[in-house]
**Student:** 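Dropping the structure in here first, questions after.
Below, chain A is the first sequence line, B the second, and so on; all start at residue 1. What you are looking at is a predicted structure, and each value in this text was computed from that prediction instead of being measured.
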Amino acid sequence: MKGEGMPPPRVRFAPSPTGYLHVGGARTALFNWLYARHTGGTFVLRIEDTDRERSTDAHTKVILDGLGWLGIQWDEGPFFQGAYGPRHKADAERLVEGSAAYRCFCTREELDAQRREAERAGLTFRYDRRCQSLPPEEVERRRAAGVPSTIRFLVGDEEIAWDDAVHGRISFQGRDLDDFVILRSDDTAIYNLAVVSDDIAMAITHVIRGDDHISNTPKQIALYRALGHEIPVFAHVPMILGPDGKKLSKRHGATAVGDYQDQGILAPAMRNFLALLGWSPGGDREILAEEEMIALFTLEGIQKKAAVFDATKLEWMNGEYLSARPADELLPAVTRRLEQMGVDWGGRDLRPLIESVKTRSRTILHVAERVAVRLEPSRSTLDEKGEALIRKMGPAFATNLERAADALEPLRNGEWTAEQLLASLKDAAESHGLKLGDAMQPIRVALTGSTVSEPVNELLEVVGPDRSLARMREVAERVRGAGSAR
RNA sequence: GGGGGCGUGGUCUAGUGGUUAGGACGCCGGCCUUUCAAGCCGGAGAACGCGGGUUCGAUCCCCGCCGCCCCUACCA
């Protein structure tokens, strides 16, 4: 929002490829992307791979794939920060020439000792600037002698403040900041310099990032100024926490977007959920289409406080998307999963099966498992509720199951349809003086292992006469056997 | 220790100087099914972190406190 004519914003997402694409990073990327799309700006992707030890190509690929999966397209890049070493170094040296920074010959050991000393005395350690007063000749002499040195930025005493797009005005006192190192003794840049140098070079106008960077911001602002550049708009988005209120990390379980992809979460659901974690369009909206999110997105709508990642709500939302999606669209993901499970569906059209289970499923994994069970009921495993029912009904369980099988037997070669099945089941229940539920539930448990499914007659229809009948008789026999053996 | 940020039901959040503080997830119950769900309807659950002020009136404005989180590296 600076300058005349307000050129379209340029934003960037700058992950370090030192791990997987974290949901927090994914959300930061999403916010940048939404902002760019909302304003007609440009979204730049920059991989911050300057930490050579921890950065790997595999991680980079995972990040790119994760963004792609979420449908977050970047307009420029990916650029790799590692390629800009020379510029970083030149910027640092330029600052030394302008006396905004100075060479420091203190060794890590000396610094550590000073830090320990200060700590022991109960004081706040601050670099004492001893190298700043070194005469130029001395600096030259040491450099010529090959003494290693870093470059430190000279932080002034004045206040450094900015109007954060989500937090409002934030200010720091220069005297509370240390003269921080900007260039290592191996001539590579420290994070704060690298980001500022790159953001300037890439003409970034809005820096939208995690609020764990708030403390870095005054240093970066000082760098912008020293480098003779106008500062961008900063928008610090809140952290994402685990259920225990601690910053979300691996020990909370699934934290990489790939984990959710593997768990059968749909990309649009993930994106919708992430968008609403720390951002609100105002009002009561929950399910938002991509275009709506873009239209409604503003930096002002971003929450200040950290948000707890609620996987249960994510699954609920995924269930909403699942139910709304036609079986056709779910087919590829489901078949992929079925293949992983080693299920052979013999060329059968899976869509009716998907159709019958998707409403009651929350993830693609659930859908695939349930489809597999309907393909072959013997794959089912008895859950607690199923067990409870068998226990509760006692001998009636097997008896009713067999009676139902007998009653349905005639439909085997005729009308094995949902309507006909229901009619026959009702007749059978009536003639045996049973409540419909007592006739239905055993079938449900026999075929799925659980007491929850689509209506029983529909279940029977998708499973088909042969497998249904065989399974019902087999389970009846087994349950009776177990019962009498007791 | 120093500096900074944050604080509305368990969780995600809306919201305003005067509201029965709204919605969503989850939880509980009802309806519907002579069936479990799904769906629909309803309910419980928040003294809007605490204590002061300003004000006729504060969740919303000011101050203090407390709690949580972040930074405080030749990590990013």
**Student:** Tell me whether A:Arg374 is salt-bridged to A:Glu454, with the criterion being a basic N under 4.0 Å from an acidic carboxylate O.
**Tutor:**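 A:Glu454 and A:Arg374: salt-bridged.
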**Student:** Regarding A:Ser323, tell me which of base, sugar-phosphate or nothing describes its non-hydrogen contacts under 4.0 Å with the strands shown.
**Tutor:**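 The answer is nothing, as A:Ser323 stays clear of every strand by at least 4.0 Å.
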**Student:** Ignoring hydrogens and angles, are the base of B:G1 and the side chain of A:Glu119 linked by a donor-acceptor pair under 3.5 Å?
**Tutor:**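 Answer no: no donor N or O sits under 3.5 Å from an acceptor.
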**Student:** Regarding A:Arg115 and A:Glu119, does a basic nitrogen lie under 4.0 Å from an acidic carboxylate oxygen?
**Tutor:**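 Looking at A:Arg115 and A:Glu119, the cut-off is not met.
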**Student:** Taking a pair as Watson-Crick or G-U wobble with both distances under 3.5 Å, which nucleotide is matched to B:A38?
**Tutor:**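 When the pairing criteria are applied, nothing turns out to pair with B:A38, so the answer is none.
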**Student:** Starting at atom CG of A:Asp310, determine the distance to atom P of B:C25, rounded to an integer number of angstrom.
**Tutor:**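 Between P of B:C25 and CG of A:Asp310: 11 Å.
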**Student:** What's the CG-C1' distance between A:Asp284 and B:C25, to the nearest Å?
**Tutor:**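 Interatomic distance, CG of A:Asp284 to C1' of B:C25: 14 Å.
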**Student:** Do NZ/NE/NH1/NH2 and the carboxylate oxygens of A:Arg46 and A:Asp199 come within less than 4.0 Å?
**Tutor:**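 Yes, A:Arg46 and A:Asp199 are salt-bridged.
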**Student:** Please tell me which of A:Ile170 and A:Thr312 maps to the more 5' nucleotide of RNA chain B, matching each residue to the nucleotide holding its nearest heavy atom.
**Tutor:**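 Its nucleotide being nearer the 5' end, the pick is A:Ile170.
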**Student:** Does a sphere of radius 6.0 Å around OH in A:Tyr20 hold more than 12 heavy atoms from other residues, nucleotides or ligands, not counting ones at 6.0 Å or beyond?
**Tutor:**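 No, the 6.0 Å shell around OH holds no more than 12 heavy atoms from other groups.
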**Student:** What does A:Arg362 touch in the nucleic acid at a heavy-atom separation under 4.0 angstrom: a base, only the sugar-phosphate, or nothing?
**Tutor:**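 Sugar-phosphate only.
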**Student:** How long is the line joining CG of A:Asn272 and P of B:U13, in whole Å?
**Tutor:**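 A:Asn272 atom CG is separated from B:U13 atom P by 14 Å.
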**Student:** Rounding to the closest angstrom, what is the interatomic distance between B:G9 and B:A47 at atom P?
**Tutor:**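 Result for the P pair: 8 Å, nearest Å.
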**Student:** If I pick the P atom on B:U55 and the same atom on B:C71, what distance separates them, to the nearest angstrom?
**Tutor:**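 That atom pair is separated by 43 Å.
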**Student:** Rounding to an integer number of angstrom, what distance separates B:A58 and B:C65 when you compare their P atoms?
**Tutor:**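 After rounding to an integer number of Å, I get 23 Å for this pair.
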**Student:** Rounded to whole Å, please give me the gap between CG in A:Leu276 and C1' in B:G23.
**Tutor:**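 Distance, rounded to whole Å: 11 Å.
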**Student:** For A:Asp187 and A:Leu183, indicate whether the former's side chain and the latter's backbone hold a donor-acceptor pair under 3.5 Å.
**Tutor:**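 Between the backbone of A:Leu183 and the side chain of A:Asp187 there is no qualifying donor-acceptor contact (under 3.5 Å).
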**Student:** Counting the atoms with a prime plus P, OP1 and OP2 as sugar-phosphate, which does A:Gly210 contact under 4.0 Å by heavy atoms, base, sugar-phosphate, or nothing?
**Tutor:**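 The residue A:Gly210 makes no contact with any strand.
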**Student:** Please state the C1' separation for the pair B:U13 and B:G7 - nearest whole angstrom.
**Tutor:**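 After rounding to an integer number of Å, I get 14 Å for this pair.
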**Student:** C1' atom, B:A73 versus B:G15: distance in rounded Å?
**Tutor:**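 Each nucleotide's C1' atom is 44 Å from the other's.
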**Student:** Quickly work out the A:His167 NE2 to B:G7 C1' distance and round it to whole Å.
**Tutor:**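 Taking NE2 of A:His167 and C1' of B:G7, I get 13 Å after rounding.
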**Student:** Who does B:A58 pair with, Watson-Crick or G-U, both distances under 3.5 Å?
**Tutor:**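 Paired with no nucleotide.
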**Student:** Salt bridge or not between A:Arg403 and A:Asp406? Use side-chain N to carboxylate O under 4.0 Å.
**Tutor:**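 Looking at A:Asp406 together with A:Arg403, the answer is no, because their closest N to O distance does not fall below 4.0 Å.
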**Student:** Is it true that, when you exclude A:Arg143 itself, more than 12 heavy atoms of the residues, nucleotides or ligands shown sit nearer than 6.0 Å to its CZ?
**Tutor:**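 No, because the 6.0 Å sphere around CZ of A:Arg143 holds 12 heavy atoms or fewer from other groups.
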**Student:** Atom CG of A:Asp176 and atom P of B:G5: how far apart are they, to the nearest Å?
**Tutor:**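 Taking CG of A:Asp176 and P of B:G5, I get 12 Å after rounding.
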**Student:** Do NZ/NE/NH1/NH2 and the carboxylate oxygens of A:Arg142 and A:Glu138 come within less than 4.0 Å?
**Tutor:**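 Looking at A:Glu138 together with A:Arg142, the answer is yes, because their closest N to O distance falls below 4.0 Å.
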**Student:** How long is the line joining CE of A:Met317 and C1' of B:U13, in whole Å?
**Tutor:**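 Roughly 12 Å, once rounded to whole Å.
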**Student:** Side chains of residues 382-390 of chain A: which donor-acceptor partners sit under 3.5 Å, not counting sequence neighbours?
**Tutor:**
| unit_1 | atom_1 | unit_2 | atom_2 | d |
| --- | --- | --- | --- | --- |
| A:Asp383 | OD1 | A:Lys385 | N | 3.1 |
| A:Asp383 | OD1 | A:Gly386 | N | 2.7 |
| A:Asp383 | OD2 | A:Ser450 | OG | 3.0 |

**Student:** Check the interface with nucleotides 42-46 of chain B: list each N/O to N/O pair with the protein under 3.5 Å, or write none.
**Tutor:**
none

**Student:** Return yes if a side-chain donor-acceptor contact under 3.5 Å exists between A:Thr448 and A:Arg444, otherwise no.
**Tutor:**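 The answer is no; no qualifying pair exists.
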**Student:** Under a 3.5 Å limit for both distances, which nucleotide forms a Watson-Crick or G-U wobble pair with B:C32, could you say?
**Tutor:**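 Partner of B:C32: none.
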**Student:** Taking only Lys NZ, Arg NE, NH1 and NH2, and the carboxylate oxygens of Asp or Glu, determine whether A:Lys358 and A:Glu329 approach each other closer than 4.0 Å.
**Tutor:**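 Answer for the salt bridge query: no.
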**Student:** In B/S/- notation, 5' to 3', how is nucleotides 69-76 of chain B contacted by protein heavy atoms closer than 4.0 Å?
**Tutor:** SBS-SBBB
**Student:** State which residues pass side chain to side chain contact (heavy atoms under 4.5 Å, CB included) with A:Glu117; sequence neighbours excluded, sorted by chain then number.
**Tutor:**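 Partners of A:Glu117 under the side chain to side chain contact (heavy atoms under 4.5 Å, CB included) test: A:Arg120.
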**Student:** Rounded to the nearest 0.5 Å, what's the gap from CG on A:Leu95 to CG on A:Leu154? Could you check?
**Tutor:**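 The CG atom of A:Leu154 is 10.5 Å from CG of A:Leu95, to the nearest 0.5 Å.
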**Student:** Distances for protein N/O vs nucleotides 62-66 of chain B N/O pairs under 3.5 angstrom?
**Tutor:**
none

**Student:** Looking only at atom P, what distance separates B:A76 and B:G39, rounded to whole Å?
**Tutor:**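 The answer is 49 Å between these two P atoms.
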**Student:** Side chain of A:Ser280, heavy atoms from C-beta onward: which of B:A14, B:G7, B:G26 has the nearest atom to it?
**Tutor:**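 Nearest to the side-chain atoms of A:Ser280, counting from C-beta on, is B:A14.
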**Student:** Return the pairing partner of B:G64 with a 3.5 Å limit on both distances, Watson-Crick or G-U wobble; otherwise return none.
**Tutor:**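 B:C50 is the nucleotide pairing with B:G64.
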**Student:** Please give the distance between the P atoms of B:G52 and B:U59 as a whole number of Å.
**Tutor:**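 After rounding to an integer number of Å, I get 12 Å for this pair.
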**Student:** On a heavy-atom basis, which atom in A:Leu322 and which in A:Ser361 lie closest, and how many Å separate them?
**Tutor:**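 Closest approach of A:Leu322 to A:Ser361: CD2-O, 3.6 Å.
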**Student:** Quick one, A:Phe153 and A:Asp178 - any side-chain contact, counting heavy atoms below 4.5 Å?
**Tutor:**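 Sidechains of A:Asp178 and A:Phe153: no contact.
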**Student:** Counting only Watson-Crick or G-U wobble pairs whose two distances fall under 3.5 Å, which nucleotide matches B:G1?
**Tutor:**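 Partner of B:G1: B:U72.
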**Student:** Going 5' to 3' through nucleotides 28-39 of chain B, assign each nucleotide B (protein heavy atom under 4.0 Å from a base atom), S (under 4.0 Å only from sugar-phosphate atoms) or - (no protein heavy atom that close).
**Tutor:** ------BBBBS-
**Student:** To the closest 0.5 Å, what do you measure between CG (A:Asn216) and CG (A:Asn192)?
**Tutor:**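 So the CG of A:Asn216 and the CG of A:Asn192 are separated by 4.5 Å.
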**Student:** Counting only side-chain N and O atoms of A:Gln303, is one of them less than 4.0 Å from OP1 or OP2 of B:G7?
**Tutor:**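 For A:Gln303, the contact criterion (side-chain N or O under 4.0 Å from OP1 or OP2 of B:G7) is not met.
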**Student:** Taking CZ from A:Phe273 and C1' from B:G26, how many angstroms apart are they, rounded to a whole number?
**Tutor:**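 Result: 13 Å.
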**Student:** Mind checking the P distance from B:C12 to B:G18? Whole angstroms is fine.
**Tutor:**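 To the nearest whole Å, 26 Å.
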